[in-house]
Amino acid sequence: MSIIDELNPIQREAVKTVEGPVLVLAGPGSGKTRVLTYRIAHLMNIGVPAYQILALTFTNKAASEMKGRIVELVGEKSNHLWMGTFHSIFARILRCEAEKLGYTKHFSIYDTTDSHSVICNLMDLLGISPQQYHPQAIRARISHAKNLLVSPEMFARDASDVFEEKTAIVFKEYEKKLKVNNAMDFDDLLVKPIELFEHHKKVLETYQERFRFILVDEYQDTNHAQYVLIKHLAARYRNLCIVGDDAQSIYGFRGADIRNILDFKHDYPDANIVNLEQNYRSTQTILAAADQVIKKNIDQLTKHLWTDNPKGEPITVLICQDDQHEGSMIVSRIFDDVSRLKIDFKDIAIMYRTNAQSRSIEDSLRRNSIPYVIIGGIEFYQRKEVKDVLAYLQLIVNPRDEESFMRIVNYPNRGLGETALGRLQQFASSKQLPLLEAARRANELESLTQKAKDNFTLFALLIHKYIQLKDSMSASELSRAVVDEVGILQMFKEEGTPEALARRENIQELLSAISEFSAQEADTTLAQFLEQVSLLSDVDQWDDKHNTVTLMTLHSAKGLEFPVVFISGVEEGLLPFSDSTFETKSVEEERRLLYVGITRAKVKLYLSYSRQRFRFGGVSYQVPSRFLGEISEELIQTTDYTRDSYVQRLRYKKREYSTTKQTSYYFTDDLPDYEQKYVEPVELHVGNFVEHDIFGKGKIIEIMGPKDSLKAVVDFQAVGRKNLMVKYARLKVI
DNA sequence: ATTAGGCGATTTTTT
DNA sequence: ATCGCCTAAT
């Protein structure tokens, strides 16, 4: 039996049309991943060698899952398949070709934080006030320009106001600085390959010959640079299969251009177009709601999604008093559904527009001991101490990387502050030296104190020592040696506070991650590890093996599915987000975002909103989202927990066991009433013994401040007295 | 003159 | 939890 017998006729067509351009318009849940994996497997089965296939995905996780599936289908012959995100694939190509562009193969990859920091330093140097011109905004503007392949010169020429003029100045210096640092930012990973292909036709031809079959997933979220890259690579053989759904385009703010998919027919008039319209994922009700919402968008290709799945339950809309209340209501429904639908926590996802919304939901989950994971937010590799250690390693691999140098030259404290560093920078730029070299020669700098000179020299010697050693040691030996010699673990140990010990554990975890990485394949270098880490996405770091509820933004939810989905904060100002409400185009993107969220659900969907919530440091009164009104009433069952004033004032509690579905909650008087709970999640009194997640156990000495920003002085057994904000401290009375 | 540590404010979405 | 700003300590 051929593998393609497992597909429906339309999917089969998408798989078997291997020559020429193919556009697969794949609605949510229509078996898109299946088509991609089977198509690749099919190519190999008809004799195409794996190394001639290039498959570009949106996340590394999607790539590795698909790869696993392909190995199952065709076995070992898929070994040399190139599959990954645009960024990781082109980083790999750039490593090989870096010299042609004036970089070394060990160039650093700067993430958004690094870029931001470079820009701040430059603005300082250029005398541009960060108060007047937000570095954040300048960075976004530069990134946007780069994605449109606009050079600093072009940008300067077209600058139409003061902000753009200032941006143009920073842009020019920023590009220079990155080059000097032997570093590329995320945008460069797409822009530099284009530069390479356009200036070195021979190189382009090599890659065109190599990648005769190209597949691109999530094409609706490609930006202009990605579009041009693909156009170049596919120009010779034109065996290009793109898969996407314009209705799921949600990265416009990042430069994604929905026209790429809408205009595909223009670029490739001979393209075969395949419409995957049968949905295998959701109930009829969920699909109908999704369809009603997305129909309000003007700018789209029309589709007719349908499903053989059962009608399913109505969509439940939860109306709540405020964000805390919303968290509690979601938790009750989770308990309810776990017993009612016989599902596990891992089958449930809670989605929201902004990361900040996770806090109140987390509180409720934690109070009720429901295990959960958050995708995104503050991730492991973004932790300060982890980034610091990585900066040491990065500097050893790429000694010209000034960003890494600045990060760690005074970490741990070497008494090298702002002024000392400023003088070193001046010295370095006047002599045209990299900072590390300047530090080595710090003795020539008269203006420094002897102590500063010594410390700069010692630091430079330390780094140089490991630069010498790096080729004779494995990645894991090297990183351990560095951490040891710098005394980072020792430092945290001496500090001894629970926070320091937590940081120490993070470093140890990082070291094991490096060992694990080296163990996977022979001869992995530190540089490879660093590259992998810098291109990891939030979803990539998600371990879906544990039985936990998953929390994430609607953006992160793309490509995933769950039996039960909660979408919280379906309110004006949040979804659609407030900045977007003035422009039709961005409202349409917000609508697509909701569409993505709705279509993640397989059997049960909840939409919730709150009458009020904490935003921007105060209480904000919220209005239900316009999108809710776009779903017809017969698909919805509404539970208004705020309508009855009696309900508002009392605390709800889940009944241990219930037989009827409507009365799963009852209200008790024996608990503090709702108003009280709202201001003061846990009632605290002087003399209470409490427990804190990090500081451990302690006794309350004093409580003070206004109700909404209550403070408590707590004497902890382990760390002594601490002044805490009650609303953040999550104290438990014991 | 410098640096370090404490305090207060902080909220779009991300490779 | 982290960043930036301010003040105390060296």
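Every heavy atom of this structure was used, including side-chain atoms; hydrogens, water molecules and symmetry mates were not. Below, chains carry the letters A, B, ... as their sequence lines are ordered, and counting in each starts from 1. Predicted model, so just to flag it, every value in this text is computed and none were measured.
Under 4.0 angstrom from either OP1 or OP2 of B/dT15 there lies no side-chain N or O belonging to A/S88. The shortest distance between the side-chain N/O atoms of A/R503 and the OP1/OP2 oxygens of C/dT2 is below 4.0 Å. The side chain of A/N355 contributes an N or O atom lying less than 4.0 Å from OP1 or OP2 of B/dT13. In this model, the phosphate group of B/dT15 is not approached by any side-chain N or O of A/N223 to a distance below 4.0 Å at OP1 or OP2. Note on A/T553: every side-chain N or O is 4.0 Å or more away from OP1 and OP2 of B/dT12.
Listed by chain and number, the residues in a ring-ring contact (aromatic ring centres under 6.0 Å, His included) with A/F58 are A/Y251 (sequence neighbours excluded).
Side chain of A/E531 to backbone of A/Q528: no donor-acceptor contact under 3.5 angstrom is found. Within the 3.5 Å criterion, the main-chain N or O of A/L416 finds a donor-acceptor partner in the side chain of A/N410. Side-chain atoms of A/N147 never come within 3.5 Å of backbone atoms of A/A225 as a donor-acceptor pair (strictly under, hydrogens ignored). Proximity of a side-chain donor or acceptor of A/N297 to a complementary backbone N or O of A/E588 within less than 3.5 Å is detected. Without hydrogens or angle criteria, A/Q220 side chain to A/D245 main chain gives a donor-acceptor distance under 3.5 Å.
Atom pair A/F186:CZ and B/dT15:P shows a separation of 8 Å (rounding to whole Å applied). Atom CD1 in A/I375 sits about 21 Å away from atom P in B/dT12, given to the nearest Å. In this structure, OH of A/Y411 is placed 11 Å from P of C/dT2, rounded to the nearest angstrom. Distance, A/I374 CD1 to C/dA1 P: 12 Å, rounded to whole Å. Taking atom CG on A/D540 and atom C1' on B/dT15, their separation rounds to 9 Å, with Å as the unit. Taking atom CG of residue A/L190 and atom P of nucleotide B/dT15, one finds them 13 Å apart after rounding to whole Å. For A/H134 and C/dC3, the NE2 to C1' distance is 14 Å, given to the nearest whole Å. As rounded to whole Å, 15 Å separates atom P of B/dT13 from atom CZ of A/F58.
Within the structure, the salt bridge (Lys or Arg N to Asp or Glu O under 4.0 Å) test picks out the following pairs touching residues 111-134 of chain A (sequence neighbours left out): A/D111-A/K387, A/D114-A/K387.
Test A/D185, A/D188, A/N181 against A/Y110 for side chain to side chain donor-acceptor pair (under 3.5 Å) and you get one pass: A/N181.
For A/T354, counting side-chain heavy atoms from C-beta on, the closest listed nucleotide (B/dT15, C/dT2, B/dT12) is B/dT12. Across B/dT15, C/dT2, B/dT13, the shortest atom-to-atom separation from the side chain of A/K384 is found for C/dT2.
Under the stacking criterion of a centre-to-centre distance below 5.5 angstrom and an interplanar angle below 30°, A/F253 is not stacked against the six-membered ring of B/dT14. Residue ring and nucleobase are not stacked for A/F86 and B/dT15 under a centre distance beneath 5.5 angstrom and an angle between planes beneath 30°.
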Scan nucleotides 1-5 of chain B against the protein and return all N/O pairs shorter than 3.5 Å with their distances rounded to 0.1 Å.
| residue | atom | partner | partner atom | Å |
| --- | --- | --- | --- | --- |
| B/dT2 | OP1 | A/R423 | NH1 | 3.4 |
| B/dT2 | OP1 | A/R423 | NH2 | 3.0 |
| B/dT2 | O3' | A/T419 | OG1 | 3.4 |
| B/dT3 | OP1 | A/G417 | N | 2.9 |
| B/dT3 | OP2 | A/E418 | N | 3.2 |
| B/dT3 | OP2 | A/T419 | N | 3.2 |
| B/dT3 | OP2 | A/T419 | OG1 | 2.6 |

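Residue contacts for A/T112: at a heavy-atom cut-off of 4.0 Å it reaches a base atom on one of the strands shown.
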